[in-house]
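Just so you know, residue 1 is the first one in the sequence shown, and it goes up from there. Both ligands and their constituent atoms are indexed starting at 1 by order of listing.
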Amino acid sequence: MKILKTPAEAIEYRKSLKGTLGFVPTMGALHEGHLSLIKKAREENDFVIVSIFVNPTQFLPGEDFNKYPRRLEADFEICKRAGVDAVFTPSPENMYSEDEILVKAPKIKGYILEGFFRPGHFDGVLQVVNKLFNIIRPTRAYFGKKDAQQLYLIKQMVKNFFFDIEIIEGETIREKDGLAMSSRNIYLSEEERKRALSISKALKRAAKLSMSTKNIEKIKEEMLKILDVDKLQYIAFVDRDFNYIEKIQPNNTIILIAAYVGSTRLIDNIWI
Ligand code: AMP
């Protein structure tokens, strides 16, 4: 497995590949969620590249950029075992210059929900994914439904900027008890871990209820009874294009939650 440390190395390597290329962008501390995307990419393409880059521009001041888990050697091992051809691990210095041309997230859908509570977050995500797409030039790129708004915005960027890249969605991978896997779960104490479970439980209950009622207020009420978090930022009901909806639309609804458990911010969602 090749380790590519600079954009120049990655561009050179990419030029040597003949055939389809699957790309899985990550921030590392790889878990089964990432692995499911890598496996899918492995099945569907001749070559697979994974990027591991904790992208500074998508963290707001005061967020966890410095303490975000970094486990490069273990991640390399996971990638090697999964049959990845190359891992791209650039440094921020190699990815960014001063006073850059900037990609802006759309004014509405980039600034509601996650974008409201983390203003500018998606500008940073789109900036780095734009760079990564130009460096790697994949046939297909793989993103998880766990970050549903990010997935939506990346699809929009591909459309708006005419990238010739197919975006493939991966299902959210969960722990046995239902907690959505996340590199940030390691921040949770044992007690917080238990209460964090209330997020996936509330979503599961909402999905079940949506089979018998389309009334969002009613469903929300039931979700609030289950949630045992320290600070709820939002419960939201949107369609697949991230328009707010007033009633459950079967096969076109995403229910999302963002909440703090202790000092850890968690997000999860369910597609119904
Ligand atoms: P991250 O390293 O958190 O930036 O995530 C990299 C990719 O993995 C993104 O496309 C995420 O949506 C995806 N991902 C993260 N957690 C999960 C999960 N539990 N199940 C499926 N995909 C995930």
Side-chain angles (χ1 to χ4, degrees), residues 22-44 48-60 63-65 67-72 74-76 78-79 82 84 87-90 92 95 113-115 118 121-133 136 138 140-158 165-188 193 196-197 199-200 203-204 242 254 256-258 264-271:
F23 175 45
V24 185
T26 81
M27 298 206 297
L30 300 181
H31 51 64
E32 291 292 328
H34 300 113
L35 201 54
S36 71
L37 296 174
I38 294 171
K39 281 183 185 157
K40 210 168 172 170
R42 184 64 285 171
E43 284 165 19
E44 298 174 356
V48 175
I49 298 182
V50 172
S51 66
I52 298 176
F53 180 58
V54 185
N55 173 38
T57 64
Q58 72 188 70
F59 289 80
L60 272 65
E63 287 190 346
D64 57 345
F65 175 71
K67 73 164 190 173
Y68 196 85
R70 287 162 171 87
R71 292 196 220 111
L72 220 42
D75 289 348
F76 289 160
I78 290 169
C79 288
V84 169
V87 177
F88 177 44
T89 59
M95 286 294 273
L113 304 170
E114 283 306 282
R118 305 181 71 189
H121 165 67
F122 287 124
D123 297 351
V125 169
L126 297 175
Q127 182 83 4
V128 79
V129 173
N130 201 298
K131 287 171 188 270
L132 290 168
F133 280 179
I136 305 295
R140 304 184 181 88
Y142 295 77
F143 292 87
K145 286 177 165 183
K146 160 83 167 34
D147 299 281
Q149 195 175 0
Q150 167 177 286
L151 170 63
Y152 167 77
L153 291 171
I154 283 166
K155 282 189 189 164
Q156 280 306 111
M157 182 172 77
V158 163
I165 297 171
E166 192 183 347
I167 302 300
I168 310 281
E169 305 175 347
E171 294 303 323
T172 299
I173 305 300
R174 299 176 179 281
E175 303 285 355
K176 275 202 187 78
D177 58 9
L179 182 72
M181 288 198 181
S182 163
S183 305
R184 290 188 166 100
N185 288 350
I186 57 154
Y187 300 152
L188 298 167
R193 168 79 179 64
L197 247 195
I199 297 174
S200 57
L203 289 168
K204 219 172 148 192
F242 275 81
I254 310 174
L256 309 111
I257 295 179
T264 305
R265 187 174 182 281
L266 299 173
I267 59 170
D268 197 357
N269 63 70
I270 200 157
W271 297 42

Worksheet entry | Under the side chain to side chain contact (heavy atoms under 4.5 Å, CB included) test, residues paired with Q156 that sit two or more places apart | Y152, K159, N160
Worksheet item: Where is the tightest heavy-atom contact between Q58 and R118, given as atom of each residue plus distance?
Response: O-NH2, 3.6 Å
Item to complete: Could I get the full list of side chain to side chain contact (heavy atoms under 4.5 Å, CB included) partners for K40, not counting sequence neighbours?
Response: E44, Y142, I168
Practice prompt. Apply side chain to side chain contact (heavy atoms under 4.5 Å, CB included) to the pair I199 and L266, showing each step before the final yes or no.
Written response: CA-CA 9 Å; I199 297 174; L266 299 173; 4.0 Å; yes
Worksheet, complete the sentence: R174 meets the side chain to side chain contact (heavy atoms under 4.5 Å, CB included) criterion, sequence neighbours left out, with T172, A180, S200, D268
Discussion item. Quick check with a 6.0 Å cut-off and a 45 degree axis cone: is K131 positioned over the face of F53's six-membered ring?
Written reply: no
Discussion item. Residues around ligand 1, heavy atom under 4.0 Å from any ligand atom, sorted by chain and number. Can you pull those?
Written reply: P25, T26, M27, H31, G33, H34, L37, Y68, F143, G144, K146, D147, Q150, E171, T172, I173, M181
